[in-house]
Amino acid sequence: MAFSGFDQNVVPSEMNQVIPLAKKDSPARIKMWLTIGFIAALIVASFIHLSVNPLDILTAPPTMLTFMADNFFPPNTEIVANSLPVIIETFFFAVIATYVSAVISFTLGILMSERLNRHAVVRRGVRYFVAFLRNIPVIIWGSLLVFIFGIGNIVGLIALTIATMGFLSRSYAESMNDIAGERLEAMYASGASYMQILVHGLIPEFMPAWLNWTLFSFEINIRASAILGMVGAGGMGMLINSQMNLRNFRSASMLIMILVGMILITEFTVGFLRRKMT
Amino acid sequence: MNINVNGNGKIALSSRSQQMTSFLIAVGAIGLFVISLTMINLDLVAFVGRLYRIPHILSLFMALEFSIFGEAIGELVVSIAMALAALLLGGVISLFLSFLAADNTAPSKTVAAAIKGLVSTIRAIPNIVLILMIMAALGLGPVAAVTSLTLSSIGYFTKAFASTIEEQDTALIESMRATGASWFQILVHGFFPNVMPSFLAWISIRLEMSISESISLGVIGAGGIGTMLSRAIRTHRHAEVSMLILIIFVTMLTIEILLNIVKKKANT
């Protein structure tokens with residue numbers, strides 16, 4: 001890749017001839033410029049369609065920052081005591097959603113894996129199902145489920161679980177396909193039952209990948225559990241949203257700071273654990 | 001793996017230490033789950049009490065409203081346009097920031113640390129929260145939406161680009177400098193060809209995230225197909241909701257499939 005544009009066959013016939021660093025009119029270059037041009041046109045069209053002036057956005061930060069400095073600071077620390085139960089709850093919601101989705105996704109992952117499930121129809125069906133779960137943004141799952149089940153924290157739990165399942169099942173299936181190699185073949189050949197293959201062949205080998213993906217999804221869940229409150233699915237997001245709507249910006253900023261702290265700590269801990277495992 | 005004979009003379013499939021580890025992990029995992037369950041109070045009674053309505057509500061969703069298709073596509077284009085605009089602004093700004101933040105190209109350690117700290121703070125704010133703060137300052141509208149998407153793109157790109165730059169071997173650049181190449185030549189011919197494939201990969205991953213975020217922001221009221229969906233939900237127009245969900249799903253799936261093709265091409 002380093003010298004992709006460098007033509008090895010150019011030999012300088014005279015001493016002062018200049019070897020170009022990249023060939024001017026190679027088809028690859030023309031194709032690259034065409035792609036860049038197309039993307040540029042698309043982006044320009046986007047700005048025009050939205051009638052948004054890019055300069056408005058680049059000049060927005062000063063307005064924003066002065067507004068925030070005036071209205072969000074200093075944070076109102078009094079709200080902490082009242083909202084502590086909800087904050088703790090948000091954390092444990094993420095834990096439970098991670099668990100439930102990890103267990104369901106493990107099953108779905110097996111069903112999606114070519115090496116562990118030989119029924120192509122089942123495999124394809126599960127694949128489409130999981131793709132559906134994965135490709136609807138979590139907040140839309142939230143608002144849809146709130147609409148179906150009514151407001152409540154259990155709805156948030158279901159929305160979190162659904163969104164995580166979409167992500168985890170695919171990741172699990174990919175990892176299972178990667179590891180399900182010789183050991184499983186050998187067990188299969190020596191007459192082990194399907195359950196024996198799963199318990200003694202797959203699970204021990206799969207454990208590190210399983211922990212890795214699950215920890216990662218926990219991090220995503222902490223974020224998402226805050227988001228879901230915005231549509232009435234419980235947790236910290238609901239508090240932040242209501243304080244914002246009441247224009248109690250100082251209370252909202254306190255809650256946001258706690259949320260950001262929680263996310264940073266989770267990110268750090270998960271990163272630490274994942275590094276330790278590999 | 002040491003072979004391990006059971007009392008009844010069979011050879012165990014897994015060694016004892018492996019079995020112990022699995023057992024301990026299982027006990028720890030179940031313990032944490034039980035503790036978490038006791039820490040929250042699920043409104044299970046209310047939830048179960050409402051379950052009888054579910055079949056009826058679901059049956060209402062089993063219809064598609066085709067008359068809104070045109071409008072929905074228009075709003076979808078708005079959502080995608082917001083994502084693309086933010087992708088460009090975020091990408092360009094991050095290109096500069098990442099050079100200042102990467103250890104091997106940063107002018108000073110303090111600058112690098114400051115930018116990295118700022119960027120990880122931005123990343124830690126969920127972007128739905130970010131847009132609430134921005135909308136409080138700038139009011140509703142596409143400018144607020146694009147600003148918040150741009151900020152989260154900066155959070156993502158600066159970290160990603162900087163890590164790619166840090167992986168670069170400085171030997172190539174030094175040898176180019178030794179042969180008398182100008183700073184601009186080094187950048188265009190020595191540096192970009194090396195980082196381009198990773199940068200493009202980051203951009204394509206971010207594209208998918210950005211569109212999904214842009215649709216999500218709509219639900220909060222930032223415009224685009226998300227806003228249309230939340231309006232349809234609020235006014236109980238089930239068939240419209242189904243249609244919009246279908247459009248969102250097909251869009252996201254198409255993008256995912258396209259990106260997978262691009263990734264496969266890039267790998268070969």
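Reminder, nothing fancy here: chain letters follow the sequence lines and each chain counts from 1.
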**Item:** B:Leu132 CG to A:Gln243 CD distance, which is reported to the nearest 0.5 Å
**Value:** 12.5 Å

**Request:** Tell me, for A:Val95 versus chain B, whether the close heavy atoms (under 4.5 Å) come from the side chain, the backbone, both or neither.
**Result:** side chain

**Fill in**
Turns out that what part of B:Val241 lies under 4.5 Å from chain A's heavy atoms comes down to side chain

**Minimum heavy-atom distance between B:Ala124 and A:Ile263, given as atom pair plus value** = O-CD1, 3.1 Å

**Value rounded to 0.5 Å, distance of CZ in A:Arg223 from CD1 in B:Ile128** = 12.0 Å

**Minimum heavy-atom distance between B:Ser216 and A:Pro137, given as atom pair plus value** = OG-CB, 3.3 Å

**Message:** Can you tell me if A:Phe92 has over 12 outside heavy atoms packed within less than 6.0 Å of its CZ?
**Reply:** yes

**Message:** Does any backbone or side-chain atom of A:Phe91 lie under 4.5 Å from a heavy atom of chain B? Answer side chain, backbone, both or neither.
**Reply:** neither

**Item:** A:Ile88, part contacting chain B, at a heavy-atom distance under 4.5 Å
**Value:** side chain

**Request:** Side chain from CB out, backbone as N, CA, C, O: work out which of these in A:Ile158 comes under 4.5 Å of a heavy atom of chain B, or both, or neither.
**Result:** side chain

**Contact class of B:Ile54 relative to chain A, heavy atoms under 4.5 angstrom** = side chain

**Request:** Determine the minimum heavy-atom distance between B:Ile233 and A:Ser143, stating which atoms define it.
**Result:** CD1-OG, 4.0 Å

**Item:** Region of B:Ile134 that comes under 4.5 Å of a non-hydrogen atom in chain A
**Value:** both

**Asked** Looking only at heavy atoms, what is the nearest atom pair of B:Ala136 and A:Phe67, with distance?
**Response** O-CZ, 3.2 Å

**Prompt:** What orientation do B:His238 and A:Phe147 show, parallel under 30°, tilted 30 to 60°, or perpendicular over 60°?
**Reply:** tilted

**Prompt:** With respect to chain A, which residue among B:Pro126, B:Ser120, B:Ala86 yields the maximal number of heavy-atom pairs within a distance under 4.5 Å?
**Reply:** B:Pro126

**Prompt:** Tell me, side chain or backbone of B:Ile125 under 4.5 Å from chain A's heavy atoms, or both, or neither?
**Reply:** both

**Message:** Is there a side-chain contact between A:Phe47 and B:Leu89 in this structure, where contact means two heavy atoms from C-beta onward sitting under 4.5 Å apart?
**Reply:** yes

**Message:** Quick check on B:Arg234 against chain A: is it the side chain, the backbone, both or neither that has a heavy atom closer than 4.5 Å?
**Reply:** neither

**Message:** Nearest 0.5 angstrom please: A:Leu144 CG to B:Ile245 CD1, how far?
**Reply:** 4.5 Å

**Asked** chain A: which of B:Leu37, B:Thr121, B:Thr150, B:Ile215 shares the most heavy-atom pairs with it under 4.5 Å?
**Response** B:Leu37

**Asked** chain A heavy atoms under 4.5 Å from B:Leu60: which part of the residue, side chain, backbone, both or neither?
**Response** neither

**Prompt:** Which bit of B:Met196 is near chain A, if near means a heavy-atom gap under 4.5 Å: side chain, backbone, both or neither?
**Reply:** neither

**Message:** Heavy-atom cut-off 4.5 Å, strictly under: side chain, backbone, both or neither for B:His56 against chain A?
**Reply:** neither

**Item:** Interface moiety of B:Ile255 toward chain A, non-hydrogen atoms closer than 4.5 Å
**Value:** neither

**Request:** Please flag which part of A:Leu157 lies under 4.5 Å from any non-hydrogen atom of chain B: side chain, backbone, both or neither.
**Result:** side chain

**Side chain, backbone, both or neither of B:Val78 within contact of chain A (heavy atoms, under 4.5 Å)** = both

**Message:** I need the A:Arg134 CZ to B:Glu256 CD distance, nearest 0.5 Å.
**Reply:** 4.0 Å

**Request:** Would you mind reporting whether B:Ile220 and A:Ile139 have side-chain heavy atoms less than 4.5 Å apart?
**Result:** yes

**Request:** Taking all non-hydrogen atoms of both residues into account, name the closest pair between A:Asn135 and B:Met252 and its distance.
**Result:** O-CG, 3.2 Å

**Message:** For chain B, which candidate among A:Leu42, A:Ile148, A:Thr266 shows the most heavy-atom pairs at distances under 4.5 Å?
**Reply:** A:Ile148

**Closest non-hydrogen atom pair, A:Ile256 against B:Met133** = CD1-SD, 3.6 Å

**Prompt:** Can you tell me how far the CD1 atom of A:Ile136 sits from the CG atom of B:Leu253, to the nearest 0.5 Å?
**Reply:** 10.0 Å

**Item:** Separation between CD1 of A:Ile140 and CG of B:Leu229, rounded to the nearest 0.5 Å
**Value:** 5.0 Å

**Message:** When you measure from the side chain of A:Tyr99 to the backbone of B:Ala29, do you find a donor-acceptor pair of N or O atoms at a distance under 3.5 Å?
**Reply:** yes

